[in-house]
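Following: one structure in structure tokens, then a few remarks.
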Amino acid sequence: MARKILCVAEKPSIAKSVAQHLSGGQFNTHSIRGNTFIKNYEFDFNFNPPWGQCSVTMTSVIGHLTSLEFNEQYRKWHSCSPVRLFDAPVETEVDKDKKAIADNITAQARYAKALFIWTDCDREGEHIGAEVRQSAYKGNGTIEVKRAQFSNTERAHVIRAAHNPINLDERQVNAVSARIELDLRLGAAFTRFQTLTLRTLGGDLEDRVISYGSCQFPTLGFVVDRYFRVKQFVPENFWSIKVMHKRDDVEVTFSWRRHRLFDRASVVILFERCLTARIAKVIKLQKKPTSKWRPLPLTTVELQKLGSMFLRMDSQRVMKVAEDLYNKGWISYPRTETDSFDKGMDLKKLIEKQEQDQAWGGYATSLLRGGFRQPRSGRHNDQAHPPIHPVNFVASGSLSGDERRVYEFVVRRFLACCSEDAKGESTTVEIECGDEIFFANGLLVLERNYLEVYPYEKWNSSQPLPRFSLHETFEPTEANITEGETSPPGYLTEPELISLMDANGIGTDATMAEHIAKIKEREYVMTQPRGGGAQTNGNGNGNSGRGGRRERSGRGGAQGGNNATGSGGGSVQQFIPTTLGVALIEGYNGIGLETSLGKPFLRKEMEIKMKQICAGTKSRNDFVNETIEQYTELFVRTQQQVDVLKAACRKYVFGEQP
DNA sequence: GCAAGGTC
């Protein structure tokens with residue numbers, strides 16, 4: 001009898017495409033008991049020695065199989081003092097809804113010679129691989145465990161991976177298992193402590209969960225931080241000079257090189273010198289080619305940011321719709337950090353599929369007839385998934401409204417990536433008037449190229465500048481002093497929040513939207529459209545607290561954010577902390593810990609140490625012990641100064657004077 | 001009733 005090899009992927013879609021490639025399409029499909037998504041695919045494949053020709057069962061899990069939990073006696077909230085959760089015993093359990101999946105692996109491992117793990121080649125994937133291994137060992141203690149190394153599911157790449165298995169990377173497994181343990185201990189300890197302590201203040205705090213998480217708190221911190229920057233903003237007056245000149249019926253405005261000054265008297269003096277000079281002289285005349293770069297291949301973070309800017313959906317909604325499109329086979333896997341396409345990928349074949357579309361089909365054809373350019377390469381690569389791209393054509397009629405808009409965006413972005421940059425010509429005229437220098441810019445768009453298919457970005461020719469010649473002198477028609485006042489930043493928008501999270505390593509591409517949703521659900525923040533009234537997520541009053549302070553929407557109305565230019569109506573949502581959200585962050589800031597829980601630094605540090613574990617320069621034990629020690633210290637200090645936290649709640653939530 | 005991370 002042929003030897004048997006069990007292969008396990010991280011998700012059903014990967015199991016299916018790997019099975020298709022390895023079997024050449026010749027495989028049998030079996031459902032398993034207890035789970036409708038998981039299938040076992042059976043076929044033969046000739047592996048490299050020592051395995052040779054084998055019968056293969058290819059199946060999958062659905063993400064993590066197990067969770068870490070406190071032992072039974074610590075699970076009830078009042079079972080122990082929260083501080084004990086830093087060292088209470090924990091155990092790993094198969095999730096209830098994953099039991100059937102784990103059993104399938106245990107059963108299939110029983111007669112297999114080897115287990116090939118086909119989870120994503122990232123840290124979490126490595127840990128999921130270890131979870132799979134554990135289930136396999138239950139059925140077969142001597143099964144040999146290997147790991148396939150692959151970053152996409154192209155046929156040749158998959159077959160190469162099957163022929164060249166490596167071992168699981170225990171360091172990555174350890175880094176993730178440490179992360180899991182720390183998230184559980186810190187989250188549970190602080191959540192129980194906060195909730196139970198602040199509950200004693202009564203009122204609106206009596207029966208709600210006031211959760212702490214190493215991602216949700218920094219996320220809240222960003223919102224509160226911006227809120228105070230808006231509130232504490234003091235406008236400043238500034239003055240500037242502009243020079244105007246009319247020629248060939250065109251009114252040209254020359255802007256001041258110094259931009260603006262905050263001292264009126266100085267501006268008046270400089271202005272008077274200009275007036276005295278009377279004559280302006282052209283000192284620089286420059287015409288040069290310019291271009292607007294086509295976008296990079298699409299990552300999850302970009303999809304979420306641009307989704308809230310152009311499509312006016314919140315990040316959670318965009319991800320939900322993208323997942324649906326992925327599950328229906330229209331777009332590639334939507335959770336990726338990679339912003340460059342593999343050299344070997346056949347992009348033209350994907351473009352061909354779009355030729356039939358009424359709106360962008362013609363453009364797709366023009367790419368295939370010579371317009372095609374290999375996409376730019378960004379610097380990110382998660383080694384697990386390609387950038388988000390359309391994999392099949394679907395007529396817009398068979399999609400729902402939101403699906404249509406997300407699909408259209410993914411397709412247009414993809415076609416734009418495969419296009420030439422937009423080309424133009426920029427003109428600069430610089431004049432000297434007295435000792436001051438002024439300039440005017442002109443832009444002539446020559447070839448729109450990718451912009452033809454990517455209406456989300458704008459680039460338009462300016463009014464053409466009239467002809468000037470170098471060194472010529474002329475008397476400007478008019479010169480003025482202008483006056484203005486600096487305007488406050490706007491409240492944080494969702495794309496800005498996602499950028500901050502991304503830059504600070506808060507959450508992953510797949511979870512950022514969830515953290516944002518979580519702080520809304522906890523009523524730490526609410527969202528409102530720019531210039532409109534408040535809107536909360538779920539039920540309840542977003543401005544928690546009796547007599548809580550209501551905030552005016554401020555003057556930030558139209559400023560500071562991205563003025564979206566795409567399709568889709570409505571206006572951008574902005575994030576405003578509730579009184580509770582402000583109280584929590586201000587409370588922790590006030591306790592004077594060297595690193596506040598409301599700042600991103602602690603999470604960043606965790607991320608750095610995980611990388612050290614993966615590099616082999618730090619052990620799992622050292623990492624866990626150090627971090628537990630660090631947070632225990634923060635916890636004890638917080639307990640000692642809990643009055644600061646309570647005072648912040650009284651002040652902000654209940655509006656009491658200190 | 002707590003977290004964050006996978007994925008459906």
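In what follows, every chain begins at residue 1, and chains take the letters A, B, ... in the order their sequences are listed. As the structure is a prediction and not an experimental result, all values here were calculated from the model.
Contact between Leu350(A) and Pro390(A) at its shortest, heavy atoms only, is CD2-O, 3.7 Å. A pairwise comparison of heavy atoms in Ala15(A) and Ser60(A) identifies CB-CB, 3.8 Å as the closest pair.
Look at CD on Glu131(A): it is 12 Å from P on dG6(B), rounded to the nearest Å. Rounded to whole Å, atom C1' of dA3(B) lies 11 Å from atom CG of Leu182(A). The interatomic distance linking Met512(A) (CE) with dA3(B) (C1') rounds to 17 Å, in whole Å. When the P atom of dT7(B) is taken as reference, atom CG of Asp122(A) falls 8 Å away, rounded to whole Å. Rounded to an integer number of Å, the gap from Gln172(A) CD to dG5(B) P is 16 Å. One atom, CD of Gln194(A), and another, C1' of dG1(B), lie 14 Å apart when rounded to the nearest Å. Between Lys11(A) atom NZ and dG5(B) atom C1' there is a gap of 13 Å when expressed in whole angstrom units. Computed from coordinates, the Glu607(A) CD to dG5(B) C1' distance equals 12 Å when rounded to whole Å.
The phosphate of dA4(B) (OP1 or OP2) has no side-chain N or O of Arg185(A) nearer than 4.0 angstrom. For dA4(B), the OP1/OP2 oxygens have no side-chain nitrogen or oxygen of His64(A) closer than 4.0 Å. Phosphate contact (OP1/OP2 of dG6(B), side-chain N/O of Thr508(A), threshold under 4.0 Å): present. For Arg522(A), no side-chain nitrogen or oxygen approaches OP1 or OP2 of dG1(B) to under 4.0 Å. Between Thr511(A) and dA4(B) there is no side-chain N or O to OP1 or OP2 distance below 4.0 Å.
Nearest to the side-chain atoms of Arg603(A) among the listed nucleotides dG5(B), dG1(B), dG6(B) stands dG5(B). Each of dG6(B), dT7(B), dA4(B) was ranked by its minimum atom distance to the side chain of Asp120(A); first place goes to dT7(B). Minimum atom distance to the side chain of Phe70(A) is reached by dC2(B), of the listed dT7(B), dG5(B), dC2(B). Closest approach to the Glu69(A) side chain among dC2(B), dT7(B), dA4(B) is made by dC2(B) (side chain taken as heavy atoms from C-beta onward). Taking only side-chain atoms of Ser211(A), from C-beta outward, the nucleotide of dG5(B), dT7(B), dC2(B) with the closest atom is dC2(B).
Contact annotation for Glu10(A): backbone-only contact, meaning every heavy-atom pair under 4.0 Å involves sugar-phosphate atoms and none involves a base. As judged by a 4.0 angstrom heavy-atom cut-off over every strand, Gly125(A) is placed among residues making no nucleic acid contact. Among the heavy atoms of the strands lying under 4.0 Å from Tyr212(A) are primed sugar atoms or P, OP1, OP2 only; no base atom is included. Using a 4.0 Å heavy-atom cutoff across all strands shown, His515(A) reaches sugar-phosphate atoms only and no base atom. Among the protein residues, Pro12(A) comes within range of the sugar-phosphate backbone only, with heavy atoms under 4.0 Å from sugar or phosphate atoms but none that close to a base. Thr36(A) comes within 4.0 angstrom of no nucleic acid atom, judged by non-hydrogen atoms across all strands.
A heavy-atom distance below 4.0 Å to DNA chain B is reached by these residues of residues 85-103 of chain A, ordered by number: Lys98(A). For the segment residues 321-342 of chain A, residues with any heavy atom less than 4.0 angstrom from an atom of DNA chain B are, sorted by number, Tyr326(A), Asn327(A), Tyr333(A), Arg335(A).
Comparing Leu68(A) and Leu65(A) by the nucleotide of DNA chain B that holds the closest heavy atom to each, the one mapping nearer the 5' end is Leu68(A). Projected onto DNA chain B by closest heavy-atom contact, Ser13(A) and Gln216(A) fall at different nucleotides, the more 5' of which corresponds to Gln216(A).
Atom OG1 of residue Thr508(A) and atom CD of residue Glu607(A) lie 10.0 Å apart, to the nearest 0.5 angstrom. Here Tyr333(A) contributes atom OH and Ile331(A) contributes atom CD1; the two are 11.5 Å apart, rounded to the nearest 0.5 Å. Taking CD from Gln20(A) and OG1 from Thr153(A), the interatomic distance works out to 9.5 Å, rounded to the nearest 0.5 Å.
A salt bridge is absent between Arg123(A) and Asp169(A): the closest approach of a Lys/Arg side-chain nitrogen to an acidic carboxylate oxygen does not fall below 4.0 angstrom.
Where stacking is scored as ring centres under 5.5 Å apart with planes under 30°, Trp77(A) registers as stacked on the base of dG1(B).
With respect to Phe86(A), the ring-ring contact (aromatic ring centres under 6.0 Å, His included) criterion is satisfied by exactly one of Phe70(A), Tyr631(A), Phe635(A): Phe635(A). When each of Arg147(A), Glu126(A), Glu10(A) is paired with Thr119(A), the side chain to side chain donor-acceptor pair (under 3.5 Å) condition holds for Arg147(A) and for no other.
Heavy atoms from other residues, nucleotides or ligands lying under 6.0 Å from CD of Glu91(A) number more than 12.
Side-chain contact check for Ser211(A) and Gln216(A): at least one donor-acceptor pair (N or O, by modelled atom type) lies under 3.5 Å. Under the 3.5 Å distance criterion, with hydrogens and angles disregarded, a donor-acceptor pair is assigned to the side chains of Ser499(A) and Lys305(A).
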